There are 2 protein chains.
Amino acid sequence: MALTIKDIAKKCGVGVSTVSRALNNHPDINKETREKILKAVEEDGFIPNNSARNLKRTDSKTVAIIVKDIDNPFFATMMRVMEEEIHQEHYTFFIQHVGDKQNEVDAALELVKEKRLRGLIFLGGYFQGQEERLGRIKVPFVVSTAELPDIPDKETCSFITIDNEQESFYMVEHLCKKGHKKIAILAAAKDDCNIGRMRLEGYKRALAEYKIPLHKTLIRHLDKNHAEYSMENGYQLMKELLKEGTTFTAVYAISDLMAIGALRALHEAGRKVPEECAVAGFDGLSYTAYYIPSVTTVVQPVEEMAKESVKSLFQMIESKKGVPGKILPARLAERQSTLGTGPNASGPVPVYNSEVKR
Amino acid sequence: MALTIKDIAKKCGVGVSTVSRALNNHPDINKETREKILKAVEEDGFIPNNSARNLKRTDSKTVAIIVKDIDNPFFATMMRVMEEEIHQEHYTFFIQHVGDKQNEVDAALELVKEKRLRGLIFLGGYFQGQEERLGRIKVPFVVSTAELPDIPDKETCSFITIDNEQESFYMVEHLCKKGHKKIAILAAAKDDCNIGRMRLEGYKRALAEYKIPLHKTLIRHLDKNHAEYSMENGYQLMKELLKEGTTFTAVYAISDLMAIGALRALHEAGRKVPEECAVAGFDGLSYTAYYIPSVTTVVQPVEEMAKESVKSLFQMIESKKGVPGKILPARLAERQSTLGTGPNASGPVPVYNSEVKR
DNA sequence: TTGTAGGCGTTATCAG
DNA sequence: CTGATAACGCCTACAA
């Protein structure tokens, strides 16, 4: 079997507790003893068994991030920022992925027990209908980039998100103000009841407010079986729309990836963007700033969301009280894909746009 | 304290071992007893403590993936494929991220002990000079998308990668064959000794083979302090090059992200691609197929690499013998960004390219 | 089929 | 400052 603390103790002629003290930087230990032990540890390549440690420990100064959707293109950034913030608090942390079929709350429940977590952050996931389960999590947690339902008997939880409906509304309003009246939307699958639906709602509300009738053929839903907000799916949706020949002067994709797929499809069909058709996305992926044409989009405040998530978590850990959820404002970045478009446009579309903020 | 197996036992009026048996689907247990127990477990929301389990267990049917660089854009795909493959073997698995400063091998060593892993896969990372440490990993492991140095006293390890130098060579050769003589390269930081250097070597060799003298000003290195292969860094590098006014007819970026940054910079400078300048990348990110113009690149066999990694791992787990490392061929995808370019070009550049394979 | 007891590798407690 | 020893929660002989 592998090396244990006992072996080290024996080798150094000390008791196991002394070794443990050396390993954990306890103050009450002779300097030389400590060094002798650490040297032996180094030499033999001894590694303490974390399972045993966690089993015994009550306190861990550890938090975890539970990530539901690896693919989500801005989770990488969020994780990096969270990592920094958590380290600043002198906590250790780790990231746990949960698969498509796994339940994120179950994973959390296990982890809290296993690792003696002080708190955790959910990155993505879907929590409607999981109230009861969530209530079982005994440590504070924050749901990041997703809505959190009300949880009976649970105080120390919070959420950070943006107002998907409202931001979506702003985007469509932006198009309306330019005078667009035929605005197609590349939306989520029909039965979606997550952010996809919210963004669609925003679209509908904006049109209503601007007295533009809804055209069913301009609302394109993803297929149930290909429901990812991917470039490929955006591409396909756009192609179908083009094939049908319905007129439209603007396309709003509920995700940047879909917008890019759409742009590709438009390009291949010979439709010039933005001159002949405006295109807008949602999310604020950095890709969109580099695309040609650069893509108008709703930029999610990624860094801030990450920071606020961590902040809320530690607030709860320290105060043992809940903190209210936060809805952060996003930023509409107008880029070339909608520039100078629409009946209300005044001048020609600028050809180059180094001046457009990336 | 939280619920334990004892509480459940007491509640059901049985012994702890019976509960354990129910929990672990042991065959020798009365059906009704089992159901009674499971019902109680469900009711109380009991969750076994994994630390205790792992401590006791010797064997776990678990493998782990250790990911070094969250940002790497094709790791997401690789992870998904690996996940599928590992599940097919009826193993459980999890993904562990290690931070920039953390050492991946140390993380592995800990994990093996803690979770009683049967094997693990490193995704990314850097292993030169870590031979001794790697030798301490007592279970089989595979290094994916990175080189593995020779490890004394360690049989059951392997690697999966592509030949970065050779593939890079092919890409540059491709440009040479088109008649390009002034080929700029956007390369890694000067002191890079990883894939960045290999790709640069391939560039040099290709030029040598085609009797094209090296122009120092055409070799643009990333700055040490901004060494990521990012769009932003590619953009900056390209801008500098353009500013200097050196002539070139093609740009080869050692990563797709940098290529896209470069394309953006060229666009903003009014240089038409591919008409006035060819651009090529490396990696095969799906994004390149949707960019306008679509980007010629070296497509890494992502799926295959993932599958082969898992395959090799299980081969080693089962046979307890090492398997030789594999170097997989990549595919050069010619797309619009180099189409019909160079002195040897025959016709005009096609305007649309729905026919170009995405 | 079920219960009891011992031990997995640590850490915490408490004497020394 | 140091060393025994009892947990931590679970699994697994072994006995019943």
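Per chain, numbering begins at 1; letters A, B, ... match sequence-line order. All figures in this text were calculated on a predicted structure; none of them were measured in a lab.
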Check each of A/Ser309, A/Ser312, A/Ser158 against A/Ser144 using the side-chain hydrogen bond (donor to acceptor under 3.5 Å, both in side chains) test, and report the only one that passes. A/Ser309
Hey, which sits more toward the 5' end of DNA chain C by its nearest nucleotide, A/Arg21 or A/Thr4?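 Checking each residue's closest nucleotide, the 5'-ward one belongs to A/Thr4.
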Nearest heavy atom decides the nucleotide; on that basis, is B/Thr33 or B/Ala52 closer to the 5' end of DNA chain C?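 The residue closer to the strand's 5' end, by nearest nucleotide, is B/Thr33.
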If you assign B/His26 and A/Lys31 each to the DNA chain D nucleotide with the nearest heavy atom, which residue ends up on the more 5' nucleotide?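 This one resolves to A/Lys31.
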Return the value, rounded to whole Å, for the distance between atom [atom1] of [X] and atom [atom2] of [N].
X        : N      : atom1 : atom2 : result
B/Glu35  : C/dT1  : CD    : C1'   : 16 Å
A/Lys10  : C/dT10 : NZ    : C1'   : 16 Å
B/Asp7   : D/dC8  : CG    : P     : 11 Å
A/Lys6   : D/dT5  : NZ    : C1'   : 11 Å
A/Arg57  : C/dT11 : CZ    : P     : 6 Å
B/Asn25  : D/dT12 : CG    : P     : 13 Å
B/Glu114 : C/dC8  : CD    : C1'   : 14 Å
B/Ile29  : C/dT2  : CD1   : P     : 6 Å

At less than 3.5 Å, do the side-chain atoms of [X] and the base atoms of [N] form a donor-acceptor pair?
X       : N      : result
A/Lys56 : C/dA12 : no
B/Thr18 : C/dT1  : no
A/Ser20 : C/dA12 : no

So what does [X] hit on the nucleic acid, given a heavy-atom distance under 4.0 Å: a base, only sugar-phosphate, or nothing?
X       : answer
B/Asn24 : sugar-phosphate
B/Leu55 : base
B/Val19 : nothing

Picking from [options], which would you name as closest to the side chain of [X]?
X       : options               : result
A/Arg53 : C/dG9, D/dC11, C/dT11 : C/dT11
B/Ser17 : D/dT12, D/dG3, C/dT11 : D/dT12
B/Asp28 : C/dA12, C/dT2, C/dT4  : C/dT2

Proximity of B/Phe122 and B/Phe159 rings by center, below 6.0 Å: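 No.
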Check ion pair [X]-[Y] (N to O, under 4.0 angstrom):
X        : Y        : value
B/Arg136 : B/Glu132 : yes
A/Glu114 : B/Lys115 : yes
B/Lys11  : B/Glu43  : yes

